[in-house]
Amino acid sequence: MSIPNSDMSQNGNIRHVDALCSVAEIEEIDFSKLLDRPSFLNMERKRSFDERSLSELSVALSPRHSSRNADNSSRFFDHPEYVFSPSRTSFLGTPRSLTGFEPHPMVAEAWETLRRSLVFFRGQPVGTIAATDTSEEKLNYDQVFVRDFVPSGLAFLMNGEPEIVKNFILKTLRLQSWEKKIDRFHLGEGVMPASFKVLHDPVRNSETLIADFGESAIGRVAPVDSGFWWIILLRAYTKSTGDSSLAELPECQKGMRLILSLCLSEGFDTFPTLLCADGCCMIDRRMGVYGYPIEIQALFFMALRCALLLLKQDDEGKEFVERIVKRLHALSYHMRSYFWLDFKQLNDIYRYKTEEYSHTAVNKFNVIPDSLPDWVFDFMPTRGGYFIGNVSPARMDFRWFCLGNCIAILSSLATPEQSMAIMDLIESRWEELAGEMPLKVCYPAIESHEWRIVTGCDPKNTRWSYHNGGSWPVLLWLLTAACIKTGRPQIARRAIELAESRLLKDNWPEYYDGKLGRYIGKQARKFQTWSVAGYLVAKMMLEDPSHLGMIALEEDRQMKPVMKRSNSWTC
């Protein structure tokens, strides 16, 4: 069965649409039918990846693919969203090589370690614990974290094992409905847990789930990112399996609406970005990311786009779809205009006038040029750019944050030109951002008096350690996905080779310390599950780029703003 680019018959009730539509176009689409399609539909291929077809990437990455695998790759973006990613599993439960070469010996070890981390609830796998290191006190590393499970979930999806992901989605959805209270304050109904664990009662021979919504976390901060990751993983499951029935469950539809209600509520903000407390995401300790951190804004953008594709077009869903589209247009313009930094923009900020009072002000946030840190002038290459860490009144955090910039590429928050500029920056500053163990969670580290003020003298976030410039192997999967989307797989290969030289013999550490990432982190757990899963996902995506469809979204041309300043790629 073949569906052309034009509309189907009225009986089919499906239109070929871009990843995002205008409100007027969305009103014409029956979203409940858009996902309701058998996984064997063979749709006409559409050019993507910023005018580069996946089939070309597949040939470049895997020149010895069989004709069948090449055909699967070329069909990856037949439709921007609803063609599932093929999974190929060997009889041993690990992916067979598609290139004809034997897989790296680390791969089998990684799968064994990942499977040892599985958590079961009443006989069903529901997640993976944060770490299986038995040499250290467990603390909360024996829990299933929502953000930590995402690379694990992607690995299982790519390996043709979707049931654990489905179980995880449904169990965390059930936890969302729990009463959430810290001291005498009730959290919003849509808040997703940061983590959960299974308690076994040997006397009663029963099992129960215990969730943490921030009441046990350091600093008592609720996880803003958990709900976004949940929506992103739900879309990945739908994309991978071709099964829309999970997303269409009334419970899942309600869960998405509750998350969106928290994020789209009106308040005193004059910006479309989300105002957040320190420690509300992967960087879960005080690190000066309060305000409007890039990680949250990029995840927010991606979750909105995923929700737009998953929500039914019923009365409740249609209202949210309209609100999402409006927010996406505002958010994309704001981020691309005010968070973006390249050589030209840095020079403009350096020359800013202050105390401008009118709607024609150039320095809209009244940033004082003398507040620019010295390091940023040397760090910024002539060609290249990135989304800075934070923008708020009189404050710009110029630090580089890896996760936020990679998600910006994958979600198409970054324009194609900005995406290429981010990759140019990574190549130009490889020593600083990758060093000997990829990748820096942020750059540079804060130290001395600034460290005392910003972190409150946090002994875990000393310079070039943990979240303060530490190197995190889990970020490999995000870098690899961004590299494939931008047609730069050689960068991913280089990073993976670096990781393969250390990770297994070091027993899969959580993070590395030092300016170059040479040393195992002083408090890093060994056998950290997302370090393992991040490596596996990176390897599988590089071998079969069609897997990228689970986690990447095409650019929506209607959201592309008119950039008033020249960008780095024209320098």
Side-chain angles (χ1 to χ4, degrees), residues 50 270-273 288-289 291-298 300-301 329-409 411-430 432-433 440 442-444 482 486 555 559-571:
D50 311 329
T270 54
F271 314 130
T273 41
V289 298
Y292 305 91
I294 179 60
E295 177 176 336
I296 291 298
Q297 314 314 321
F300 179 34
F301 183 87
H329 279 268
L331 184 60
S332 62
Y333 179 84
H334 183 90
M335 298 298 296
R336 293 168 180 177
S337 301
Y338 305 125
F339 274 67
W340 182 251
L341 187 73
D342 55 27
F343 185 87
K344 171 67 166 57
Q345 177 63 0
L346 178 60
N347 206 159
D348 288 347
I349 296 172
Y350 177 70
R351 291 167 51 83
Y352 266 171
K353 295 179 181 179
T354 60
E355 310 301 328
E356 295 178 294
Y357 182 80
S358 79
H359 65 277
T360 61
V362 175
N363 185 2
K364 294 185 178 181
F365 297 94
N366 198 37
V367 175
I368 311 301
D370 287 345
S371 68
L372 270 68
D374 293 337
W375 64 265
V376 74
F377 294 99
D378 295 325
F379 179 71
M380 179 60 70
T382 304
R383 293 179 60 86
Y386 65 104
F387 289 97
I388 64 175
N390 220 310
V391 176
S392 57
R395 176 182 177 236
M396 298 181 84
D397 182 351
F398 290 93
R399 285 177 294 175
W400 152 271
F401 290 87
C402 180
L403 193 153
N405 276 274
C406 287
I407 291 292
I409 292 175
S411 65
S412 291
L413 171 60
T415 65
E417 295 83 3
Q418 288 173 336
S419 295
M420 296 302 289
I422 292 171
M423 301 312 297
D424 287 341
L425 177 87
I426 292 173
E427 279 197 302
S428 298
R429 298 294 177 256
W430 186 257
E432 292 89 341
L433 302 181
K440 291 295 181 191
C442 72
Y443 180 90
T486 54
E555 183 191 23
M559 289 194 304
K560 190 170 184 178
V562 178
M563 303 300 288
K564 296 182 179 179
R565 55 176 178 268
S566 61
N567 294 307
S568 61
W569 49 89
T570 62
C571 294

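Remember, it's a predicted structure, so these values are computed and weren't measured experimentally.
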### Message
Between D342 and K344, does the salt bridge (Lys or Arg N to Asp or Glu O under 4.0 Å) criterion hold? Intermediate values first, please.
### Response
CA-CA 6 Å; D342 55 27; K344 171 67 166 57; over 6 Å; no
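- Side chains of Y350 and P369 form no contact here, defined as non-hydrogen atoms less than 4.5 Å apart.
- Nearest heavy-atom pair across S332 and F301 is CB-CE1, 3.8 Å.
- Atom-to-atom distance recorded for M335:CE and F271:CZ is 12.0 Å, nearest 0.5 angstrom.
- Residues meeting the side-chain hydrogen bond (donor to acceptor under 3.5 Å, both in side chains) test with T360, sequence neighbours left out: S358.
- You'll find the side chain of P416 reaches within 4.5 Å of the side chain of E555, heavy atoms only.
- Using a 4.5 Å cut-off on side-chain heavy atoms (C-beta onward), F339 and H334 make contact.
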### Query
Can L372 and L346 be said to form a side-chain contact (heavy atoms from CB on, under 4.5 Å), step by step?
CA-CA 9 Å; L372 270 68; L346 178 60; 3.6 Å; yes
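- Residues I294 and I388 share a closest heavy-atom pair of CB-O, 3.5 Å.
- Between P373 and F379, every side-chain heavy-atom pair lies at or beyond the 4.5 Å cut-off.
- Note that the CG atom of L425 and the CD1 atom of I422 stand 8.5 Å from one another [nearest 0.5 Å].
- Of the inter-residue distances, the one linking C402 atom SG with E295 atom CD reads 10.0 Å to the nearest 0.5 angstrom.
- Nearest heavy atom pair, residue P272 against residue F300, reads O-CE2, 3.8 Å.
- Put simply, the side chain of F398 does not reach to within 4.5 Å of the side chain of F377, judged on heavy atoms.
- Each of N390, L331, V391 was compared with T273 under the side chain to side chain contact (heavy atoms under 4.5 Å, CB included) criterion, and only L331 meets it.
- M396 has its side chain out of reach of L341: every pair of non-hydrogen atoms, C-beta onward, lies at least 4.5 Å apart.
- With hydrogens and angles disregarded, a donor-acceptor distance shorter than 3.5 Å links the side chain of N363 to the backbone of K353.
- Distance CG/N405 to CD1/I426: 7.5 Å, rounded to 0.5 Å.
- Residues passing the ring-ring contact (aromatic ring centres under 6.0 Å, His included) test with F387 are W340, sequence neighbours excluded.
- Here the side chains of L413 and I407 are not in contact, with every heavy-atom distance at 4.5 Å or above.
- V362 and E356 get closest at one heavy-atom pair: N-OE1, 3.3 Å.
- Nearest heavy-atom pair across M423 and I409 is SD-CD1, 3.8 Å.
- The CH2 atom of W375 sits 8.0 Å away from atom CE of M380, with the distance rounded to the nearest 0.5 Å.
- Y292 and Y338 have their aromatic ring centers separated by at least 6.0 angstrom.
- Counting heavy atoms from C-beta outward, Y443 and Y386 have side chains that stay 4.5 Å or more apart.
- In terms of heavy atoms, E355 sits closest to N366 at N-OD1, 2.9 Å.
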